[in-house]
Amino acid sequence: MHYGQIWCMGAIMQGDQKKAGVILSYLSQGIYILSGLFYAPFMLRLLGQNEYGLYQMVYAVVSNLSLLSFGFSNSYMRFYARHKARGEEEKIASLNGMFMTVFMCISVICIICGAVMITNIEVIFSDGLTAGEYARVRVLFILLIISMTLSFPRSVFISITAAHERYLFLKIIEVMQGILNPFIAIPLLVLGYGSVGMVSASLLLSAIAFAANAFFCIRVLNVHFCFRNFHCGMLKEMFVFTFFIFMNQIIDQVNWNIDKVLLGRFSGTVAVAVYGLGANINTMYLQFANAISYVFVSRVNRIVAESNDNRELTLLFTKVGRIQFIVLGLILSGFIIFGQQFMILWGGKEYKDSFTVAILLIFPVTFPLIQNLGIEIQRAKNMHKARSVVYFLISVCNLFISIPLIRAYGAGGAACGTAIALVAGNILFMNWYYYCRIGLDIIYFWKKIASFMPALILPGILGVMINFYVPIENPVIMLMGIAVYSITYFISMWFFGLNAFEKSQVMKILQKVHWGKRGK
């Protein structure tokens, strides 16, 4: 029996892989969110506010090592699509070997940089920690650096699997990690291992996922790695292409992680904990939005490589954007209505200000999230440089704006600085750039998004009524309110928002589920 038969349950067509990938993307993110919802209250109470803030601060520092990838993993799709279109299998093997060599070297550099960080912890955190906290921080640093080191070669296997459009396997791995993490971490927290136990659980699952990704590529996909005859011209082109992706990674670090470090220095670990919980809501939001656009990356690269048809790209961009809006519209509107009370029930009264942080982060980021596929279109066209430069300048401004805002308003000030940067760069500049430089019909895009507005009226009215007339005092009442609101939202979307094509796709999925049950 072939390994492909074991892993993929028979011959699955590429179209079915993509649809299954989309469904599993949302399933994996749903599991990630649900596990977070149930896991976080235990974790927050078992850790305490100070240690949770400590963990968030250390993670923010170590995550900067992800910049060592220089954005190389994002460039694999582009070069793979080019060689695949030309039928150059030998060059694909050489490409695989080159990427693996580069990322193994990055792993070595990561270990060296991590060792330097560990020996200079007092310099990094100044006088913001106690002697006992410094000892715990060193252990956290070691575990997180090991995890980061494994992530670099693993990203090569993930990129290869995605290039083959085997999204089903990738998403199954994500689902399993999301399910298993709380079951391993909570017992360790109960036994008193604190943040060290929590990070150890995550590291164990990362190592298992790394082994699974490697096995799938080598034994199932039969991927070959050639570690000689590297094309220097390709390596140079890769460096040029990824430099601006690297700048984007710096921007993401400034926007999403530097606030925690600054809060730790100027306001202490409690402020970091409040900001961190609000930022976790934003992280879930970001990952949920990325779930669908990720599976269209290879298609975007194929369109650009074969025809570079802006009309076709605009239609795909709009189709994906509408799907994103339907999902994110529910989450954002629901959080605006139920979020304040949710943060209190979820994290405790000491985390009520996390709601303000979350709103300041997720509201402005919604606009670029429904346009996420545009980032891949830019990269496929090799036109991502201007975006990177402008975003970099805005992120520097964000850094300088955030310091006085943090001193004045704490966690809310940090989120406000990031929100200003998101509006200026991700919304105003990017829509101009898509229209005037990339060649996408952005007016058509927003017209199609605006057609959803009538569908938001009914759930909006219901949400206001629930908020004013229903006292949400326990999780049961909140879940009932969310359920009623969600059902109303989807009914309204069906009658006043979805177009004929989108309704037909929903019916196809429901029919497959129905026939699948009958087959059993």
Does [X] [atom1] have over 12 foreign heavy atoms under 6.0 Å away?
{"X": "Tyr39", "atom1": "OH", "value": "yes"}
{"X": "Phe141", "atom1": "CZ", "value": "yes"}
{"X": "Phe225", "atom1": "CZ", "value": "yes"}

Phe355/Phe335 aromatic ring centres below 6.0 Å:
yes
Separation of [Y] [atom2] from [X] [atom1] (nearest 0.5 Å):
{"X": "Met57", "Y": "Tyr52", "atom1": "CE", "atom2": "OH", "answer": "13.0 Å"}
{"X": "Ile344", "Y": "Met478", "atom1": "CD1", "atom2": "CE", "answer": "9.0 Å"}
{"X": "Leu47", "Y": "Gln56", "atom1": "CG", "atom2": "CD", "answer": "10.0 Å"}
{"X": "Leu203", "Y": "Ile146", "atom1": "CG", "atom2": "CD1", "answer": "6.0 Å"}
{"X": "Asn467", "Y": "Ile336", "atom1": "CG", "atom2": "CD1", "answer": "10.5 Å"}
{"X": "Met117", "Y": "Cys110", "atom1": "CE", "atom2": "SG", "answer": "8.5 Å"}

Would you say that [X] contacts [Y] through its side chain, given a criterion of any heavy-atom pair below 4.5 Å between the two side chains?
{"X": "Phe338", "Y": "Ile466", "value": "yes"}
{"X": "Val199", "Y": "Tyr55", "value": "yes"}
{"X": "Ser107", "Y": "Pro153", "value": "yes"}
{"X": "Thr161", "Y": "Cys217", "value": "yes"}
{"X": "Ser200", "Y": "Tyr193", "value": "no"}
{"X": "Ile477", "Y": "Asn474", "value": "yes"}
{"X": "Ile281", "Y": "Met343", "value": "yes"}

Run the side-chain contact (heavy atoms from CB on, under 4.5 Å) test on Val156 and Met104 for me, step by step, so that the C-alpha distance in whole Å, both residues' side-chain angles and the decisive distance to 0.1 Å come before the verdict.
CA-CA 10 Å; Val156 178; Met104 290 302 293; over 6 Å; no
Run the side-chain contact (heavy atoms from CB on, under 4.5 Å) check on Phe216 and Arg166 step by step: do they pass?
CA-CA 10 Å; Phe216 187 80; Arg166 304 300 284 271; 4.0 Å; yes
Got a sec, which residues hit side-chain contact (heavy atoms from CB on, under 4.5 Å) with Ile184, two or more places apart in sequence or on another chain?
Leu188, Ala201, Leu204, Leu205
Yes or no on side-chain contact (heavy atoms from CB on, under 4.5 Å) for Tyr275 and Leu361, after CA distance, side-chain angles and deciding distance?
CA-CA 10 Å; Tyr275 182 92; Leu361 294 177; 4.2 Å; yes
Under 3.5 Å, is there a donor-acceptor pair linking the side chains of [X] and [Y]?
{"X": "Tyr285", "Y": "Thr366", "answer": "yes"}
{"X": "Thr418", "Y": "Asp259", "answer": "yes"}
{"X": "Tyr485", "Y": "Ser333", "answer": "yes"}

Keeping the roles fixed (side chain from [X], backbone from [Y]), state whether a donor-acceptor pair exists under 3.5 Å.
{"X": "Gln341", "Y": "Ile472", "answer": "yes"}
{"X": "Asn120", "Y": "Val116", "answer": "yes"}
{"X": "Asn213", "Y": "Phe157", "answer": "no"}
{"X": "Gln324", "Y": "Leu369", "answer": "yes"}
{"X": "Lys503", "Y": "Trp494", "answer": "yes"}
{"X": "Ser354", "Y": "Val274", "answer": "yes"}
{"X": "Ser147", "Y": "Leu144", "answer": "no"}
{"X": "Ser492", "Y": "Thr488", "answer": "no"}
{"X": "Tyr489", "Y": "Leu330", "answer": "yes"}

Of all the heavy-atom pairs spanning [X] and [Y], show the shortest one and how long it is.
{"X": "Ile173", "Y": "Ala212", "answer": "CD1-CB, 3.8 Å"}
{"X": "Leu277", "Y": "Gly347", "answer": "CD2-CA, 4.2 Å"}
{"X": "Leu360", "Y": "Cys416", "answer": "CD1-N, 3.9 Å"}
{"X": "Gly348", "Y": "Arg45", "answer": "N-NH2, 3.8 Å"}
{"X": "Arg138", "Y": "Ile118", "answer": "NE-O, 4.2 Å"}
{"X": "Gly53", "Y": "Val272", "answer": "O-CG1, 3.4 Å"}

Partners of Phe325 by ring-ring contact (aromatic ring centres under 6.0 Å, His included), sequence neighbours excluded?
Phe452
Do the side chains of Glu51 and Arg136 get close enough for a salt bridge, i.e. N-O under 4.0 angstrom?
yes
Determine whether Leu373 and Val300 satisfy the following criterion, side-chain contact (heavy atoms from CB on, under 4.5 Å), listing intermediate values before the conclusion.
CA-CA 8 Å; Leu373 197 65; Val300 167; 3.9 Å; yes
